[in-house]
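Since the structure comes first, as structure tokens, the remarks are kept for the end.
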Amino acid sequence: GAGVSQSPRYKVAKRGQDVALRCDPISGHVSLFWYQQALGQGPEFLTYFQNEAQLDKSGLPSDRFFAERPEGSVSTLKIQRTQQEDSAVYLCASSPRTSGSYNEQFFGPGTRLTVL
Amino acid sequence: AQKITQTQPGMFVQEKEAVTLDCTYDTSDPSYGLFWYKQPSSGEMIFLIYQGSYDQQNATEGRYSLNFQKARKSANLVISASQLGDSAMYFCAMREGDPNDYKLSFGAGTTVTVRA
């Protein structure tokens with residue numbers, strides 16, 4: 001399979017725990033995005049990487065959220081001291097391009113995080 | 001302000017009939033791209049169709065077509081000859097042309113249920 005993969009697919013955490021969500025983009029894709037999708041809503045942008053550089057983190061809801069992509073391929077979204085409002089599906093997307101209005105993003109299956 | 005508005009939370013359509021999903025958008029950027037994604041219950045976002053702001057013709061992709069009315073800022077998706085497998089959530093999204101703005105802004109989505 002050459003698509004975007006994410007792991008784990010499901011994660012249950014107790015409030016206050018730290019979690020790490022992994023994204024494997026399509027090989028060679030320069031751009032990588034993280035989105036948060038609350039139940040019944042559209043995805044909301046969290047952060048964007050171009051290769052290993054995090055160019056936009058304006059959507060991260062608090063300083064408990066941290067993302068990295070150290071080698072320009074795999075990315076990890078970390079949430080510290082999880083809260084119930086963090087419960088959502090976290091979607092990763094990658095794209096071969098860096099600019100231009102046509103910039104199709106290929107999405108992974110998402111990680112469904114439930115914080116108890 | 002919402003950049004993408006989808007006013008239809010849910011729609012029912014008879015198999016083999018056509019359905020139109022509404023989408024209006026708000027941007028002051030002359031260069032932008034509009035996307036439609038399908039999200040089945042499995043959770044993965046599937047790209048359907050793209051329309052660029054400078055495209056002269058409405059985009060078509062198989063059974064999907066986009067009714068682009070630039071002056072009205074609308075980009076409605078038409079699904080012709082509906083199939084049971086079309087039952088899913090549908091999202092309209094926009095990427096604005098600012099080179100520093102990479103993210104997609106999504107609407108709240110429309111749930112489509114195809115009846116046999």
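Throughout, a chain's letter reflects where its sequence line sits, starting with A, and its residues are numbered from 1.
- Most heavy-atom pairs under 4.5 Å with chain B, from the set A/G59, A/P43, A/P109: that is A/P43.
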- request: Determine, step by step, whether B/Y64 and B/L66 satisfy the side chain to side chain contact (heavy atoms under 4.5 Å, CB included) criterion, reporting the C-alpha distance in whole Å, the side-chain angles of both residues, the deciding distance to 0.1 Å, and the verdict.
  value: CA-CA 7 Å; B/Y64 304 107; B/L66 202 151; over 6 Å; no

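- The neighbour count for A/R15 CZ, taken as heavy atoms of other residues, nucleotides or ligands under 6.0 Å away, does not exceed 12.
- Residue A/E44 does not touch chain B at all, counting heavy-atom pairs closer than 4.5 Å.
- Looking at B/M94, neither its backbone nor its side chain comes within 4.5 Å of chain A, counting heavy atoms on both sides.
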- request: Go through the steps to decide whether A/F66 and A/E68 satisfy the test side chain to side chain contact (heavy atoms under 4.5 Å, CB included), and finish with yes or no.
  value: CA-CA 7 Å; A/F66 172 76; A/E68 61 183 5; 3.6 Å; yes

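- Only the side chain of B/Q39 comes within contact range of chain A, with heavy atoms under 4.5 Å apart.
- Looking at A/R112, there are no atoms closer than 4.5 Å to chain B (heavy atoms on both sides), in backbone or side chain.
- With hydrogens and angles ignored, the 3.5 Å screen pairs a side-chain donor or acceptor of B/K70 with a backbone N or O of B/S53.
- Within the 4.5 Å cutoff, the side chain of B/D55 has heavy atoms near those of the B/Y50 side chain.
- Contact annotation for A/L91: only side-chain heavy atoms (C-beta onward) come within less than 4.5 Å of a heavy atom of chain B.
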